[in-house]
Amino acid sequence: MSSLDAPRVVLVGAGQMGGALVRGWVDAVRRGGGLELTVLEPNFDQGLAQALESVGAVLNPPDQGAADIVVFAVKPQTFAAAAESARGFIGPGTIVLSVMAGLSIADLSRTLGVERIVRAMPNTPGQIGRGVTAYVSASACSDNDRALVEQLLTPLGAVEPIAAERLMDVVTAVSGSGPAYVFLLAEVLAAVGEAEGLERDTARRLARQTVGGAGALMLESEADAATLRKQVTSPGGTTQAALDVLQAPDGLAPLLRRAVSAAARRSRELGKPGGG
Ligand SMILES: NC(=O)c1ccc[n+]([C@@H]2O[C@H](COP(=O)([O-])OP(=O)(O)OC[C@H]3O[C@@H](n4cnc5c(N)ncnc54)[C@H](OP(=O)(O)O)[C@@H]3O)[C@@H](O)[C@H]2O)c1
């Protein structure tokens, strides 16, 4: 195993999430960051393979050997096979980082026979480095392990430690599934604009740019969401008329509460043995 100044990192699965992670790691190596990269992936995107080779990464090597950290970014249903193909990289001192939904620290420990495990939940804006990844670490993890994991998750965007694993179902329902709620908002806003008389493509462009622009403004601004909302709301104006409907007792809050509760419930069901 190499020193933690230049940790030996093995990524298993370079699809959407794994690809976004490893592209960030390639950039880090180009900026002089010390990472020794190995990637296991049955179907490499050619551009990614070239980028990896340009920084000395090793792709699908026949020889294994314990790594400092093994990152699993395959679909949960292919985890058993992926665990087999990565077994030779996992020794007693190896940290395991999983971004796979629904697999608990206990599941990972049972299959892989290790204790230093971090379970993370990213979201799709991570593909452009604007996501948020929440993670929970096993009690065997040290502060150094968490620091390394946070560093490795940074290419996906913000990173948030979570205190207890039971909260990962809520995290899944809020930030994991959350981008879909926002995309739906854009879809519904466009459909309503069209129903009110706008030409379809115009309505779609207005809705898309409004949702994307509001999100970007919120990320760039120091102000919180409520302050930004108040800044577009003049008393007695048009926005206020809409917010009176959205903030009514039967408005957006109870609807979203039901939706998020349903997602959290489903996450708990999927996490139970045989729940898929
Ligand atoms: N995408 C998201 O928004 C999101 C959000 C939160 C969590 N996650 C989690 O992230 C994980 C990955 O999701 P994804 O969307 O990135 O999936 P994905 O695009 O399908 O990527 C998985 C990659 O792993 C490869 N693979 C399959 N079996 C393998 C093996 N035995 N060894 C090495 N590589 C293998 C797949 O190759 P093939 O295509 O050839 O099978 C694929 O390229 C999932 O567990 C998901 O729960 C994703």
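For ligands, and for the atoms within them, numbers begin at 1 and follow the listed sequence.
For atom 29 (C) of ligand 1, the nearest non-hydrogen atom of the protein is Val74 CG1, 3.8 Å. Nearest protein heavy-atom neighbour of atom 8 (N) of ligand 1: Val99 O, 3.6 Å. For atom 38 (P) of ligand 1, the closest non-hydrogen atom of the protein is Asn43 ND2, 3.9 Å. Taking atom 37 (O) of ligand 1 as the reference point, the nearest protein heavy-atom neighbour is Glu41 OE2, 3.2 Å. Of all protein heavy atoms, the one closest to atom 19 (O) of ligand 1 is Gln16 N, 2.9 Å. Among all protein heavy atoms, the one lying closest to atom 24 (O) of ligand 1 is Gly13 CA, 3.3 Å.
In this structure, atom 41 (O) of ligand 1 has no protein heavy-atom contact shorter than 4.0 Å.
Without hydrogens or angle criteria, Glu165 side chain to Val136 main chain gives no donor-acceptor distance under 3.5 Å. Without hydrogens or angle criteria, Glu220 side chain to Gly215 main chain gives no donor-acceptor distance under 3.5 Å. Side chain of Ser109 to main chain of Ala106: no donor-acceptor pair is present (N/O by atom type, distance under 3.5 Å, no hydrogens or angles). Within the 3.5 Å criterion, the main-chain N or O of Val74 finds no donor-acceptor partner in the side chain of Thr78. A donor-acceptor pair is defined here as one N or O able to donate and one able to accept, closer than 3.5 Å; such a pair exists between the side chain of Ser142 and the backbone of Asp145. Proximity of a side-chain donor or acceptor of Asn123 to a complementary backbone N or O of Val132 within less than 3.5 Å is detected. One N or O on the side chain of Arg8 and one on the backbone of Gly65 form a donor-acceptor pair closer than 3.5 Å. Although no hydrogens or angles enter the test, the distance criterion places a donor-acceptor pair under 3.5 Å between the side chain of Ser177 and the main chain of Thr172.
Close approach to Met121 involves these atoms of ligand 1, each under 4.0 Å from a residue heavy atom: 6 (C). The Thr124 neighbourhood of ligand 1 comprises atoms 2 (C), 3 (O), with distances under 4.0 Å to a heavy atom of that residue. In summary, the atoms of ligand 1 found under 4.0 Å from a heavy atom of Val12, numbered by their order in the structure, are 32 (N), 33 (C). Listed by number with element, the atoms of ligand 1 under 4.0 angstrom from any heavy atom of Leu40 are 33 (C), 34 (N).
The residue from Pro42, Ala82, Gly18 that puts a heavy atom closest to atom 35 (C) of ligand 1 is Pro42. In the candidate list Met100, Gln77, Met17, Lys75, Lys75 is nearest to atom 15 (O) of ligand 1, counting heavy atoms. Comparing Ala180, Ala101, Ser85, Gly15 by heavy-atom distance to atom 46 (C) of ligand 1, the nearest is Ala101. Proximity annotation for atom 22 (C) of ligand 1: of Ala73, Gly19, Ala14, Pro122, Ala73 comes nearest, heavy atoms only.
Using modelled atom types and a 3.5 Å distance limit, the side chains of Ser54 and Arg30 yield a donor-acceptor pair.
Looking at heavy atoms from C-beta onward, Val22 lies in side-chain contact with Leu52 at the 4.5 angstrom threshold.
Contact annotation: Gly176 has no heavy atom less than 4.0 Å from any atom of ligand 1.
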